[in-house]
Engineer: 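Sharing a structure, written as structure tokens. Questions coming.
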Amino acid sequence: MKAHILVLGAAVLAATQAFAAPVDSDGNGTFSMEEMSEAYPNLTEEQFADMDANEDGEIDEVELNDAIENGVIEG
């Protein structure tokens, strides 16, 4: 039984790491390049700019969801 729990725990941890979500560390309701880079270390400035549909220099929830749906980043 303990082995099953350990395997399940490892699977949950792996899934959590594979689908990291950005953290709004400054609490402004959007994600900066720095905040996005924490969750997506391979994110380029070009990808970020492509995601930023309204060109305000931040990624909001709609832009993030669109980027995931369009395969710009993995969610």
Engineer: Among all residues two or more places apart in sequence or in another chain, which pass the side chain to side chain donor-acceptor pair (under 3.5 Å) test with Ser37?
Structural biologist: none
Engineer: Can any side-chain N or O of Asp26 pair as donor or acceptor with the backbone N or O of Asn28 at less than 3.5 Å?
Structural biologist: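 Yes, Asp26 side chain to Asn28 backbone: donor-acceptor pair under 3.5 Å.
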Engineer: What's the separation between atom CD1 in Ile59 and atom CG in Asp24, rounded to the nearest 0.5 Å?
Structural biologist: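 The distance works out to 12.5 Å.
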Engineer: Between CE of Met51 and OH of Tyr40, what distance do you get to the nearest 0.5 Å?
Structural biologist: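 Going from CE on Met51 over to OH on Tyr40, the span is 7.0 Å.
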Engineer: Rounded to the nearest 0.5 Å, what separates atom CD in Gln47 from atom CE in Met33?
Structural biologist: 8.0 Å
Engineer: I'd like to know if the side chain of Asp52 and the backbone of Phe48 have a donor-acceptor N/O pair within less than 3.5 Å.
Structural biologist: no
Engineer: Determine the minimum heavy-atom distance between Glu58 and Phe31, stating which atoms define it.
Structural biologist: OE1-C, 3.3 Å
Engineer: Taking atom CG of Leu64 and atom OG1 of Thr30, what is their separation to the nearest 0.5 Å?
Structural biologist: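 Reported value, rounded in 0.5 Å steps: 11.5 Å.
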Engineer: Flag the pair Val23 / Glu35 as yes when at least one side-chain heavy-atom distance between them is below 4.5 Å, and no otherwise.
Structural biologist: no
Engineer: What distance do Asp50 atom CG and Thr44 atom OG1 have between them, rounded to the nearest 0.5 Å?
Structural biologist: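 Nearest 0.5 Å value for the CG-OG1 distance: 7.5 Å.
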